[in-house]
Amino acid sequence: MNRLEQVQARIRSAAEGAGRSARDIVLLAVSKKQPLERIRALIVAGQRRFGENYVDEALDKMTCLADDALEWHFIGPIQSNKTRALAESFDWVQSVDRIKVVRRLSKQRPAGMVPLNVLIQVDLDDEPQKAGCIAADIEDLAAAIDAAPNLVLRGLMAIPAPRTDPAEQTAVFARLHGLYQELAERHPSVDTLSAGMSADLEAAVAAGSTMVRVGTDLFGPRPD
Ligand SMILES: *Cc1c(COP(=O)(O)O)cnc(C)c1O
């Protein structure tokens, strides 16, 4: 089995263990810092969705890989002065965490493009220096996104800090899933919970994640 098949098998088995269908879980290939050859190999193997953390690096890759069939997700911290590039070049922005960014992305999304899909990044660890809004701010952001003409609210994204205690890990994903369900009840466009990475995708899928973001286990370790 190659790396892609191994990750797909892990998703299938986690889904089965949770009584879910693997078809309900999207695999996002996190290609930050990965060389083009590795990305091309994954495209040849059928992967279409890629996640990037750094705007300039992502734009370079998009140019080299110019392929309309690819779907690009921005998953890194957002600097306000980079929102235009995000609005013009990405299909999804998963790391929206403040109203200012909502307004800029909607204003800067070019006319004639389909609306930009956005996720609200929530910080469940309440570490002030981390990206992501606190849970109490989700609803205000969701309302702002609903009111933004060129954005579609698709759900939540989170990067919970790693837990060594499996019970704590389960609890944090369960809390995230609860917030996601509340959001989905109030906003009919919501259908995506982006959670789970190489180390914790099983726990995330067990807790109801609909999109896992996998880098290392798909591509191998990131160079440098
Ligand atoms: C780097 C990154 C990932 C992938 O992490 P791996 O451990 O390499 O699978 C997923 N999500 C975000 C937001 C990242 O920055």
Side-chain angles (χ1 to χ4, degrees), residues 1-14 25-36 38-39 41-42 45 47-61 70-79 82-83 86 90-98 101 105 116-127 129-133 138 154-164 166 169 172-173 176-177 179-180 192-224:
M1 265 202 276
N2 61 32
R3 285 198 174 99
L4 176 60
E5 289 164 344
Q6 279 171 15
V7 169
Q8 287 167 336
R10 284 173 62 194
I11 294 170
R12 263 199 311 280
S13 111
I25 298 146
V26 167
L27 171 59
L28 183 71
V30 176
S31 44
K32 63 171 176 230
K33 296 190 177 163
Q34 297 288 354
L36 284 169
R38 287 191 187 166
I39 302 173
L42 219 56
Q47 179 66 29
R48 289 290 173 268
R49 297 180 176 100
F50 292 89
E52 287 283 339
N53 295 54
Y54 310 101
V55 176
D56 296 338
E57 176 189 336
L59 297 180
D60 284 349
K61 285 175 176 166
L70 301 181
E71 189 179 280
W72 292 97
H73 294 234
F74 187 75
I75 61 175
I78 300 175
Q79 293 170 267
K82 298 279 183 169
T83 52
L86 297 180
F90 281 82
D91 301 293
W92 290 62
V93 176
Q94 298 203 4
S95 40
V96 171
D97 62 359
R98 54 198 194 275
V101 164
L105 287 174
L116 181 65
N117 296 294
V118 305
L119 301 181
I120 297 169
Q121 182 175 354
V122 57
D123 171 19
L124 295 174
D125 302 303
D126 290 336
E127 295 171 53
Q129 75 281 14
K130 269 185 64 174
C133 71
I138 292 174
R154 299 295 296 270
L156 291 183
M157 185 272 262
I159 317 169
R163 264 81 176 173
T164 43
Q169 191 183 40
V172 76
F173 280 124
L176 176 62
H177 189 248
L179 294 170
Y180 169 68
T192 302
L193 176 57
S194 171
M197 320 202 301
S198 293
D200 58 8
L201 77 85
E202 282 83 1
V205 168
S209 168
T210 71
M211 184 182 290
V212 294
R213 309 178 307 267
V214 182
T216 310
D217 286 358
L218 265 184
F219 290 101
R222 286 179 277 278
D224 79 73

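Bear in mind the structure is a predicted one, so any value in this text is a computation, not a measurement. First listed ligand is number 1; within each ligand, the first listed atom is number 1.
In this structure, Thr210 OG1 and Leu156 CG are separated by 10.0 Å, a value rounded to the nearest 0.5 Å. To the nearest 0.5 Å, atoms CZ (Arg154) and OG (Ser194) are separated by 12.0 Å.
Checked for salt-bridge contact, Asp125 and Arg163 meet the test: a charged N lies under 4.0 Å from a carboxylate O.
Summarising the geometry of Gln47 relative to Leu27, their closest heavy-atom pair is NE2-O, 2.9 Å, with the distance given to 0.1 Å.
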Please tabulate, one line per pair, the protein nitrogen or oxygen atoms found under 3.5 angstrom from a nitrogen or oxygen of ligand 1, with distances to 0.1 Å, or say none if there are no such pairs.
residue, atom, partner, partner atom, Å
ligand 1, 8 (O), Thr216, N, 2.8
ligand 1, 8 (O), Thr216, OG1, 2.6
ligand 1, 8 (O), Arg222, NH1, 2.8
ligand 1, 8 (O), Arg222, NH2, 3.2
ligand 1, 9 (O), Ser198, N, 3.1
ligand 1, 9 (O), Ser198, OG, 2.5
ligand 1, 9 (O), Gly215, N, 2.8
ligand 1, 11 (N), Arg213, NE, 2.9
ligand 1, 15 (O), Lys32, NZ, 2.7
ligand 1, 15 (O), Asn53, ND2, 2.7

Can you check side chain to side chain contact (heavy atoms under 4.5 Å, CB included) on Arg213 and Met157, steps first, answer last?
CA-CA 10 Å; Arg213 309 178 307 267; Met157 185 272 262; 3.3 Å; yes
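Between Trp72 and Phe90, a ring centre-to-centre spacing not shorter than 6.0 Å is recorded.
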